[in-house]
Amino acid sequence: MVDLRSEGQILTELNAGFTRICIALEEVGGIFQIGGERSPREAAQMARGTISVIPPGSRAYGKGDDVTFMRQLILQVDQQTLCETFGPQIDAACALAPRLMVSNVRLRRLGQIIAEECTAGTAMSRVYGDSMTMAVLSALADSADAEGEQVEARGGLAPWRLTQVTQYLFENLSERLELNTQAAIAGLSKSHYCRAFKASLGLSPHQWLLAARVEKAKQYLLEEETPLAEIALAVGFTDQAHFTHTFSRLVGASPRAWQRARCTPPEPPPNQRSAFEVIPGSLHTGSTARGASNHHPFQPASERTQ
């Protein structure tokens, strides 16, 4: 697992001798995007999914503008060991087919579970590791699941109207944002706007706004020791209590606990002899992520780089 702090642009190469599964778990301040067989600048034009499968020997680039913090799980796959371990239970060619920046909610949740195991500092059993391997490969092979998440929402806002509304919300997070104003920007009645917004993004305007304010608050938490009361007002919450309650509910940790977890290097986990093994690796701004071993089919690279 890779935690990266940056004050500017992130440019990385993701080449390796093994297949790599990259799962974006968290991004603060911007979007980190992966593109293949093209320049890092062109990579920024890729779709905004969270899952990429990069085959060995291929050229892949990552690029992020204004990303102040990024957490990414990188699984290195030894296909030979994978086939020896699971045999005909897994269609490796289908599961590990190359793809870039696709959406898969189930796989992202599995990635979060694996990341929690990496940071817990305890070794997982071989049986548990193998079961997680099967779950990850099953999610990758389930093309219907991945494709279903990318179907264009029916009854939603037109893309250009959605862009107008979300840009307005982003630029005015600290203000009181009335539904009537949002609906007017979209050119719809209030009730039609609320239905169309939820059809497009899966959240009501109010739910989306709370999530956006929490994401903006994360940037303040990473930058300096600003009092929580000031952060709350800066991102549009009525007071510190409302901010702390909403942040904890959406993120699963209090603002200060979240801040400590991302600003304090974790203890390295012990060596694990299972399907998932922590491999020494690194990811630096403008450099290549490296590290490989061929003892296990899946190997999460675990390193914090600042």
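What you see below is based on every heavy atom in this structure, not just the backbone, and it leaves out hydrogens, waters and symmetry mates.
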A.B. asks: Scan Ile23, Leu107, Leu25 and name whichever one has a side chain to side chain contact (heavy atoms under 4.5 Å, CB included) with Gln112.
C.D. replies: Leu25
A.B. asks: Side chains of Pro98 and Ile54: closer than 4.5 Å at any heavy-atom pair?
C.D. replies: no
A.B. asks: I want to check something: taking the side chain as every heavy atom from C-beta on, are Arg99 and Ser52 in contact at a cut-off of under 4.5 Å?
C.D. replies: no
A.B. asks: Would you say Leu228 and Val251 are hydrophobically clustered, going by side-chain heavy atoms of ILVMFWY under 4.5 Å?
C.D. replies: yes
A.B. asks: Taking atom NE2 of His206 as the centre, does the number of heavy atoms from other residues, nucleotides or ligands within less than 6.0 Å exceed 12?
C.D. replies: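 No.
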A.B. asks: Cationic tip of Lys216 within the cone over Tyr220's six-membered ring, i.e. under 6.0 Å and within 45° of the normal?
C.D. replies: yes
A.B. asks: Without swapping roles, check the side chain of Arg213 against the backbone of Ala232 for a donor-acceptor pair under 3.5 Å.
C.D. replies: no
A.B. asks: For a quick test of reading the model, state the closest non-hydrogen atom pair linking Tyr193 to Ala186 and the distance between them.
C.D. replies: CD1-CB, 3.8 Å
A.B. asks: Between Trp208 and Phe170, is the ring centre distance below 6.0 Å?
C.D. replies: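 Ring centres of Phe170 and Trp208 closer than 6.0 Å.
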A.B. asks: Decide if atom CZ of Arg256 counts as having more than 12 heavy atoms of other residues, nucleotides or ligands within a radius under 6.0 Å.
C.D. replies: yes
A.B. asks: Drop me the distance from Gln76's CD to Arg20's CZ, to the nearest 0.5 angstrom.
C.D. replies: 4.0 Å
A.B. asks: Applying the 4.5 Å side-chain criterion to the ILVMFWY set and letting contacts propagate, would Leu233 and Phe243 be lumped into a single cluster?
C.D. replies: no
A.B. asks: Does any non-hydrogen side-chain atom of Leu222 lie less than 4.5 Å from one of Trp258?
C.D. replies: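 Trp258 vs Leu222: side chains touch.
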A.B. asks: Looking only at non-hydrogen atoms, find the nearest pair between Ile231 and Ala217 and report the distance.
C.D. replies: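 Scanning both residues, the minimum pair turns out to be CG2-CB, 3.9 Å.
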A.B. asks: Please answer whether the main-chain N or O of Ala24 pairs with a side-chain N or O of Arg108 as donor and acceptor at a distance below 3.5 Å.
C.D. replies: yes
A.B. asks: Going by side chain to side chain contact (heavy atoms under 4.5 Å, CB included), Lys218 matches just one of Glu26, Gln259, Glu223. Which one?
C.D. replies: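 Only one of Glu26, Gln259, Glu223 forms a side chain to side chain contact (heavy atoms under 4.5 Å, CB included) with Lys218, namely Glu26.
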A.B. asks: Show the nearest heavy-atom pair for residues Pro55 and Thr19, with the distance to one decimal.
C.D. replies: CA-OG1, 4.1 Å
A.B. asks: Does CZ in Arg249 sit with more than 12 non-hydrogen atoms of other residues, nucleotides or ligands closer than 6.0 Å?
C.D. replies: yes
A.B. asks: Any side-chain heavy atom of Pro205 sitting closer than 4.5 Å to one from Phe197?
C.D. replies: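 Pro205 vs Phe197: side chains touch.
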A.B. asks: State, with a plain yes or no, whether a side-chain heavy atom of Thr181 is found less than 4.5 Å away from one of Leu177.
C.D. replies: no
A.B. asks: If the threshold is 4.0 Å, N to carboxylate O, is there a salt bridge linking Arg176 and Glu178?
C.D. replies: yes
A.B. asks: Just verifying a value: how many Å separate Leu157 CG and Ile185 CD1, rounded to the nearest 0.5 Å?
C.D. replies: 11.5 Å
A.B. asks: Is the shortest heavy-atom distance from the side chain of Leu201 to the side chain of Leu162 under 4.5 Å?
C.D. replies: yes
A.B. asks: Rounded to the nearest 0.5 Å, how far apart are OG of Ser204 and CG of Leu210?
C.D. replies: 8.0 Å
A.B. asks: Test side-chain contact (heavy atoms from CB on, under 4.5 Å) on Val235 and Ser174 and set out the steps.
C.D. replies: CA-CA 5 Å; Val235 299; Ser174 62; over 6 Å; no
A.B. asks: Give me the atom names and distance for the closest heavy-atom approach of Leu221 to Pro255.
C.D. replies: CD1-O, 3.8 Å
A.B. asks: Supply the atom-to-atom distance Gln164 CD to Gln182 CD, rounded to the nearest 0.5 angstrom.
C.D. replies: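 So the gap between those two atoms works out to 13.0 Å.
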A.B. asks: Would you name the heavy atoms of Val28 and Gln219 that are closest together and state the gap between them?
C.D. replies: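 Closest approach of Val28 to Gln219, heavy atoms only: CG1-CG, 3.5 Å.
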A.B. asks: Report the distance from atom OG1 of Thr244 to atom CG of Asp239, rounding to the nearest 0.5 Å.
C.D. replies: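 If we round to the nearest 0.5 Å, Thr244:OG1 and Asp239:CG are 8.5 Å apart.
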A.B. asks: Going through the distances and angles, do Leu140 and Ile21 end up as a side-chain contact (heavy atoms from CB on, under 4.5 Å)?
C.D. replies: CA-CA 10 Å; Leu140 283 170; Ile21 302 170; 3.5 Å; yes
A.B. asks: Run the side-chain contact (heavy atoms from CB on, under 4.5 Å) test on Phe237 and Val214 for me, step by step, so that the C-alpha distance in whole Å, both residues' side-chain angles and the decisive distance to 0.1 Å come before the verdict.
C.D. replies: CA-CA 10 Å; Phe237 288 99; Val214 165; 4.2 Å; yes
A.B. asks: Measure the CZ-CZ distance between Arg71 and Arg262 for me, rounded to the nearest 0.5 Å.
C.D. replies: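 Atom-to-atom, Arg71:CZ and Arg262:CZ are 4.5 Å apart.
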A.B. asks: Ala95 and Leu137: which non-hydrogen atoms are nearest, and at how many Å?
C.D. replies: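 Minimum heavy-atom separation between Ala95 and Leu137: CB-O, 3.6 Å.
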A.B. asks: In the structure I gave you, are the side-chain heavy atoms of Ile114 and Val136 within less than 4.5 Å of one another anywhere?
C.D. replies: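 The answer is yes; the side chains approach within 4.5 Å.
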